Amino acid sequence: MKKSKLLLGDEALALAACDAGVKAFYGYPGTPSTEIFEAGEKYIEKTNDGRVAEWAANEKVAYEFALGTSYAGFRTVVTMKHVGLNVAFDAFVNSAITGVQGGLVVAVADDPSMHSSQNEQDTRVLADFAHIPLLEPATPQEVYDFTIQAFELSERLKLPVVLRLVTRLAHSRGEVYTAEKRLAPTSVGIPSEEEKNNWVLIPAIARGRYRDLRDKLPNIIDAAAKYNSFSANGRLKEGVLMAGMGIAYFEQYLSDNDIDPKKYNQLKIGAYPVDVQLLKDFVEKCDTIYVFEEDYPYLEDMIIPYAEGKCKVHGRRDGILAIDGELNLSTVRTVLAGKKVEGKVDDDLLAQISDLIEIRPPKLCDGCGHSDAYEAITKALKNIGVDDPRIFGDIGCYTLGVQPPFNAINTCVEMGASLSMAFGAAMAGMSPAVGVIGDSTFFHSGMPTLLSAAKSNLNLNLIIMDNAIVGMTGQQVPVAADIAPTLAKATGFEEDQVHVFIPLPKKTNENIEKLEKIFKEDKPSLIVFKRKCIQAMRRKLYTKPEKAEV
Amino acid sequence: MKNDNTFGLVVAGVGGQGAVTIAQLVLGAAWMSGLHVLQSEVHGMSQRGGEVSAHIMISKKKVTSPTIEKGTGDLLIGLEPLEALRHLVYLKKGAPVVSTTTAIVNMDSYPEVDRVNKLLSGIDGVKMIDSESLSKEMRFPQAGTIALLGAAATYLPITDKIWEKVIQERFASKGEKVIEKNMRAFMTGKELILQ
């Protein structure tokens with residue numbers, strides 16, 4: 001008898017990986033993917049059966065950890081959010097050419113509607129670009145099942161396999177039936193004598209490997225085929241092409257409204273790349289096709305050329321669905337039934353509610369050290385005559401400094417960008433140039449800028465907001481602590497160019513004075529604002545010995 | 001449940017209030033009752049005072065959508081009155097609302113609390129509970145929130161026996177006293193509605 005549990009999509013993935021004999025979880029935290037690693041880590045701590053979980057400095061490093069573990073013959077998961085895959089992209093693309101040894105599952109969580117992200121890019125496009133197969137589950141149960149199958153597929157095709165989750169699946173909790181047995185991690189061995197050169201991507205070898213990968217494409221499409229189902233008994237020649245949450249919402253729509261599934265021709269996509277013959281066949285059965293998929297009009301763009309002159313395709317391209325934002329039941333119903341539901345809130349009540357409702361934005365926690373740091377930075381800049389201070393910011397809790405009363409950062413592009421953008425602005429003559437970054441983000445990708453900064457003669461002020469925690473994603477321990485000043489000195493910063501401040505209200509005036517002096521000097525400086533995160537203090541996350549002491 | 005259709009519950013609040021905990025208690029209770037469930041939670045910014053909400057779908061049939069369609073939800077638990085108003089659009093006509101009167105004013109633009117409560121309490125099917133006073137009365141900070149769950153429970157197809165089991169499991173690590181306090185708060189909320 002199979003056992004069932006209530007699991008988040010993210011948790012189902014982690015548990016399935018353990019059941020499939022995974023050796024190691026690697027990743028960099030990012031909403032909504034973080035719980036994959038955390039659930040994996042929890043199972044490992046509980047069972048203590050020779051598996052490992054290790055946060056990496058960034059997604060590229062995490063990916064390479066996983067690739068190395070795969071080389072050693074073991075199954076492994078690397079987790080990240082969609083924008084994290086950009087950071088890991090070099091390793092990702094080339095891992096298709098090296099191939100894998102132990103099964104490698106790349107768990108990527110996309111965030112349509114940008115609940116906590118900078119963009120809503122679509123991981124299917126990146127997997128397609130790399131010729132790496134991608135599975136797209138629609139329910140927590142499918143997350144579990146697909147994960148186990150992804151390891152088998154990865155080893156069979158000798159390729160990494162992506163599991164694409166979206167926010168609504170990653171953070172959905174539902175019933176999941178799990179396997180009776182959990183496999184122990186075992187190695188399939190390191191690459192053999194005849195395969196070992198596959199991993200050396202010098203041009204002479206890479207050319208052959210790349211050709212092999214292209215030749216493998218029909219096999220990859222074949223392997224994906226069993227996840228893609230076709231039913232063509234629609235009485236009205238209306239078709240629905242769907243994937244992932246698109247399937248979930250469509251099925252709920254049928255069920256809630258007691259609609260016979262046979263009303264529609266259905267093409268459900270659970271894996272990519274998709275055999276174009278399937279799309280051609282589908283077009284033949286329909287005179288109208290609705291497309292429900294998350295993020296980009298990816299399947300829609302694939303089917304449109306085959307539909308031309310034969311049937312109409314409705315989706316994001318013709319505007320029946322918005323070009324951005326996530327799907328939901330309302331959008332599916334509005335498209336298929338042509339109307340919205342009239343609920344409890346009529347127009348009159350809506351007007352009264354709208355009159356009162358304000359956005360409740362997240363903000364810096366009361367008593368957070370970042371507030372004191374921002375106050376000092378902005379005041380010091382104004383005191384030295386910078387009327388309209390422009391500060392390069394980065395991604396993390398401290399991004400909330402963009403809001404009033406601080407209005408303290410003016411950019412947030414991607415992790416690590418603040419320091420390098422400040423450098424670029426300083427090169428172009430901005431003085432003083434100020435970039436603000438968190439400690440974890442500094443280790444993620446801010447660190448290399450130190451090397452360029454040290455050798456410059458610019459009035460470039462690199463500020464690290466160090467709270468010894470990855471604040472935004474639920475407070476993980478950064479890969480390192482307390483080493484930024486030492487690193488700066490090792491790269492060529494002099495003693496008087498490295499400063500450590502404590503951002504406490506009682507120190508604000510003193511910090512302002514010191515900053516004024518630093519900002520006026522025509523040389524690079526590293527400034528560390530060092531104070532523990534009050535949320536992490538409350539949760540007693542600093543008590544473990546390996547964590548940083550302030 | 002009256003028919004086989006899906007029952008949709010929204011829990012709305014502000015980060016740190018326990019919206020996700022309340023949602024998980026309902027989810028667990030419905031699941032233990034042998035029903036199909038699916039829950040969606042929006043967090044990530046939850047500790048920074050932003051809005052937090054959870055949707056719970058409960059059904060005798062398989063559920064695949066983790067979120068409720070606007071205008072179709074069957075019940076709303078408001079852990080904060082302005083958040084209750086914000087999420088009202090998810091409910092169908094006639095659906096009940098159980099909300100606190102205790103506002104969390106953590107933004108400059110928060111409207112007058114009285115205006116919010118007046119509008120909310122005047123809406124058909126809305127039951128208001130002063131959770132702050134209740135917590136003080138019961139000398140248990142979480143009492144108000146659990147009482148709201150107890151009040152909401154009167155609309156859910158879940159027996160007291162199951163609720164007791166779920167609350168016991170959830171707070172088992174915190175000891176008998178905490179379980180007992182939670183159970184008392186839960187029943188107090190329930191009685192407030194049944195009166």
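If you're wondering where the values come from, they're calculated on a predicted model, not measured in any experiment. Below, chains carry the letters A, B, ... as their sequence lines are ordered, and counting in each starts from 1. Computed from heavy atoms alone, side chains included, the values below leave out hydrogens, waters and symmetry copies.
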Asks: Among B:L9, B:V10, B:L91, exactly one meets side-chain contact (heavy atoms from CB on, under 4.5 Å) together with B:L75. Which residue is that?
Replies: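 Result: among B:L9, B:V10, B:L91, B:L9 is the only option passing the side-chain contact (heavy atoms from CB on, under 4.5 Å) with B:L75.
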Asks: Using salt bridge (charged side-chain N to carboxylate O under 4.0 Å, His left out), reason through A:E11 and A:K5 one step at a time and then give a plain yes or no.
Replies: CA-CA 10 Å; A:E11 292 169 346; A:K5 299 181 170 73; over 6 Å; no
Asks: Quick check on the interface: out of A:P32, A:C397, A:S255, A:S172, who has the most heavy-atom pairs with chain B under 4.5 Å?
Replies: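 Looking at each option in turn, the highest pair count goes to A:S172.
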Asks: Go through A:E342, A:E251, A:M245, A:R333 and name the one with the most non-hydrogen pairs under 4.5 angstrom from chain B.
Replies: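 It is A:R333.
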Asks: Please classify the contact between A:L364 and chain B as side chain, backbone, both or neither, with a heavy-atom cut-off of under 4.5 Å.
Replies: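 It is neither, since no heavy atom gets under 4.5 Å.
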Asks: Measuring heavy-atom distances to chain B, does A:N257 have an atom under 4.5 Å in its side chain, in its backbone, in both, or in neither?
Replies: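 Neither part, no heavy atoms under 4.5 Å.
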Asks: Would you mind checking which part of A:D366 comes under 4.5 Å of any heavy atom in chain B, side chain (CB onward), backbone (N, CA, C, O), both or neither?
Replies: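 Neither the backbone nor the side chain of A:D366 comes within 4.5 Å of chain B.
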Asks: For B:D108, which atoms come within 4.5 Å of any heavy atom of chain A: side chain, backbone, both, or neither?
Replies: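 Neither the backbone nor the side chain of B:D108 comes within 4.5 Å of chain A.
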Asks: Calculate, to the nearest 0.5 Å, the distance between atoms CD and NZ belonging to B:E176 and B:K174 respectively.
Replies: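 So the gap between those two atoms works out to 14.5 Å.
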Asks: Counting only non-hydrogen atoms closer than 4.5 Å, does A:L350 touch chain B with its backbone (N, CA, C, O), its side chain (CB onward), both, or neither?
Replies: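 Side chain of A:L350 only, per the 4.5 Å heavy-atom cut-off to chain B.
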Asks: According to the interplanar angle, ranging from 0 to 90°, do the rings of A:Y227 and A:F146 count as parallel (below 30°), tilted (30 to 60°) or perpendicular (above 60°)?
Replies: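 The rings of A:Y227 and A:F146 stand perpendicular, inter-plane angle above 60°.
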Asks: Mind ranking B:I56, B:V37, B:V97, B:L85 by heavy-atom pairs under 4.5 Å with chain A and telling me who comes out on top?
Replies: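 The candidate making the most pairs under 4.5 Å is B:L85.
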Asks: Sort B:Q24 into side chain, backbone, both or neither according to what part of it lies under 4.5 angstrom from a heavy atom of chain A.
Replies: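 Answer is side chain: those atoms of B:Q24 sit under 4.5 Å from chain A.
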Asks: Looking at B:K190 and B:D160, does any basic side-chain N land under 4.0 Å from a carboxylate oxygen?
Replies: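 Salt bridge flag = yes for B:D160 with B:K190.
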Asks: Would you mind checking which part of B:L119 comes under 4.5 Å of any heavy atom in chain A, side chain (CB onward), backbone (N, CA, C, O), both or neither?
Replies: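 It is the side chain, since no backbone atom gets that close.
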Asks: Do the side-chain N and O atoms of A:S440 and A:Y28 include a donor-acceptor pair separated by under 3.5 angstrom?
Replies: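 There is such a pair between these side chains.
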Asks: Flag the one option from B:E83, B:K70, B:Q39, B:M107 with the top tally of heavy-atom pairs under 4.5 Å to chain A.
Replies: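 If we count pairs closer than 4.5 Å to chain A, B:Q39 comes out on top.
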Asks: Pair B:K161, B:E164 - check salt bridge (charged side-chain N to carboxylate O under 4.0 Å, His left out), show working.
Replies: CA-CA 5 Å; B:K161 216 173 156 187; B:E164 207 171 323; over 6 Å; no
Asks: Scan A:E326, A:E294, A:R164, A:K81 and name whichever one has a side-chain contact (heavy atoms from CB on, under 4.5 Å) with A:D110.
Replies: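 By the side-chain contact (heavy atoms from CB on, under 4.5 Å) criterion, A:D110 pairs with just one of A:E326, A:E294, A:R164, A:K81: A:R164.
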Asks: With only heavy atoms counted, which part of B:L120 is less than 4.5 Å from chain A, the side chain, the backbone, both or neither?
Replies: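 No part of B:L120 comes within 4.5 Å of chain A.
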Asks: What part of A:P404 gets within 4.5 angstrom of chain B, counting heavy atoms only: side chain, backbone, both, or neither?
Replies: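 When you check distances to chain B, no heavy atom of A:P404 falls under 4.5 Å.
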Asks: For chain A, find which of B:P66, B:A23, B:G28 contributes the most heavy-atom pairs closer than 4.5 angstrom.
Replies: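 Option with the top pair count is B:P66.
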Asks: Rounded to the nearest 0.5 Å, how far apart are OG of B:S53 and NE2 of B:H55?
Replies: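 Rounded to the nearest 0.5 Å, the OG-NE2 separation comes out at 5.0 Å.
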